[in-house]
Amino acid sequence: MLSVCVSASSTDGAIITTCYYRSVLGATSTMDDATQVIFVRAASRWASEYVAFPILAQVYSESLAAYGTPELLISGRPVRQVLRLLDSSSTDDATEYCSTDFGVDLDAGIYRKQSGTWGNTEPLYYHLGPFVPPRSALTPWYTEYSAGWVTGGLSTGDTIYSTAGIGGSTTTGETMPEDIKLAVALKAVGMSRAGQTLGIESKSIGDLSITYGGGAAAVAGVGITPESLLAPYRSA
């Protein structure tokens, strides 16, 4: 189970700003900013649901299952820092692992044991032979970590800034990939135009050409959609 310990409250869940949204929309007026915020937040939630993991940098706690391999998979990525990993969610009597006990694949969100495996927490049943019921694995491993991309940058006084833990990061700059930002903006544009009867309308921003039509938005000429932009990040 994944829980948010420290949220990205400064952005209220928005992956992009309304200014970025307006640049893609081809609008300059801020009169409808409150409405634009709604579309941006909705599109940001859609993006996280589509890739099947949280996109914004936040601090998470999570209970994990093991499957007889040297790897523990966590939901968040990329990992910014690992705060702690314990062998029980009952933290009052749990044993905490040291940084020398396991390594971290920051981009993939994997804890790798230095030797041996994490064991197997799937219960084995027998009925005409051994079988494991779907989604029956126990989750005794407990971890707290920071993961995700930063939008707009942060200060050293921000609650999600830390240099502690395995893979600890001190970066304060924006790390949000541009294709994720564009995907959210295109989705927000599509949401704002849904239900409208529109012809084909083109907007150009530098070398970028965007076409809207029928409530959808895509990059003209190459068939790029919000979904195609997010496809490389999507969990299997």
Ignoring hydrogens, what is the shortest heavy-atom contact between Ala185 and Tyr20? Give both atom names and the distance.
CB-CE2, 3.7 Å
Is any side-chain heavy atom of Tyr145 less than 4.5 Å from a side-chain heavy atom of Gln81?
no
From Leu2 CG over to Thr139 OG1, what is the distance, rounded to the nearest 0.5 angstrom?
12.0 Å
Non-hydrogen side-chain atoms of Glu227 and Tyr50 separated by less than 4.5 Å
yes
Take Val150 and Arg80, measure what side chain to side chain contact (heavy atoms under 4.5 Å, CB included) needs, and give me the verdict at the end.
CA-CA 10 Å; Val150 174; Arg80 289 176 57 83; 3.5 Å; yes
Report yes if the side chains of Val82 and Tyr111 come closer than 4.5 Å at any heavy-atom pair, otherwise no.
yes
Closest heavy-atom contact between Ile160 and Ser146?
O-OG, 4.3 Å
Just say parallel, tilted or perpendicular for the rings of Trp118 and Phe102, cut-offs at 30° and 60°.
perpendicular
For Ala43 against Ala188, the heavy-atom pair lying closest together:
CB-N, 3.6 Å
Can a donor-acceptor pair be found, under 3.5 Å and without considering hydrogens, that links the side chain of Asp101 to the backbone of Cys98?
yes
Under a 4.0 Å threshold between the charged nitrogen and the carboxylate oxygen, would Arg112 count as salt-bridged to Asp105?
yes
Would you find a donor on one side and an acceptor on the other, under 3.5 Å apart, between the side chain of Ser3 and the backbone of Ser61?
no
Test side chain to side chain contact (heavy atoms under 4.5 Å, CB included) applied to Asp87 and Trp141, step by step:
CA-CA 5 Å; Asp87 64 0; Trp141 309 104; 3.4 Å; yes
Are Ile110 and Leu83 connected, step by step, through hydrophobic side chains (Ile, Leu, Val, Met, Phe, Trp, Tyr) whose heavy atoms are closer than 4.5 Å?
no
Applying a strict under-4.5 Å side-chain criterion to I, L, V, M, F, W and Y, I'd like to know whether Met191 and Val24 cluster together.
yes
Measure the CZ-CZ distance between Phe53 and Arg234 for me, rounded to the nearest 0.5 Å.
11.5 Å
Do Ile74 and Thr143 come close enough that some side-chain heavy atom pair is under 4.5 Å?
yes
What pair of heavy atoms forms the shortest contact from Ser75 to Pro54, and how long is it?
O-CD, 4.2 Å
Could you give the distance from CG (Leu182) to NZ (Lys187), rounded to the nearest 0.5 Å?
13.5 Å
Determine whether Val37 and Leu25 fall in the same hydrophobic cluster, where Ile, Leu, Val, Met, Phe, Trp and Tyr are linked whenever their side-chain heavy atoms lie under 4.5 Å apart.
no
Can you name the residues that form a ring-ring contact (aromatic ring centres under 6.0 Å, His included) with Trp149, not counting sequence neighbours?
Tyr233
So NZ of Lys181 and CG of Leu186: to nearest 0.5 Å the spacing works out to 13.0 Å
Can you name the nearest heavy-atom pair linking Ser235 to Arg77, along with the distance?
OG-NH2, 2.9 Å
Tell me whether Ser228 contacts the main-chain N or O of Thr225 through its side chain, where contact means a donor paired with an acceptor under 3.5 Å.
yes
Taking a hydrophobic cluster as the set of Ile, Leu, Val, Met, Phe, Trp and Tyr residues connected by side-chain heavy atoms closer than 4.5 Å, whether directly or through intermediates, do Val51 and Val184 fall within one such cluster?
yes
Can a salt bridge be assigned to the pair Glu96 and Arg84 using a cut-off of 4.0 Å between side-chain N and carboxylate O?
no
Which distance, rounded to the nearest 0.5 Å, do you find between the CZ of Arg41 and the CD1 of Ile15?
13.0 Å
Closest contact, heavy atoms only, Gly109 versus Val79
CA-CG2, 4.0 Å
Any chain of hydrophobic side-chain contacts (each under 4.5 Å) joining Leu85 to Val4?
yes
Ignoring hydrogens and angles, tell me if any N or O in the side chain of Ser44 forms a donor-acceptor pair with the backbone of Val40 under 3.5 Å.
yes
When Ile180 is tested against each of Leu229, Ile55, Ile16 for side chain to side chain contact (heavy atoms under 4.5 Å, CB included), which residue passes?
Ile55
Flag, side chain of Thr18 to backbone of Tyr21, donor-acceptor distance under 3.5 Å:
no
Straight-line distance of Thr172 OG1 to Tyr161 OH, nearest 0.5 Å
7.0 Å
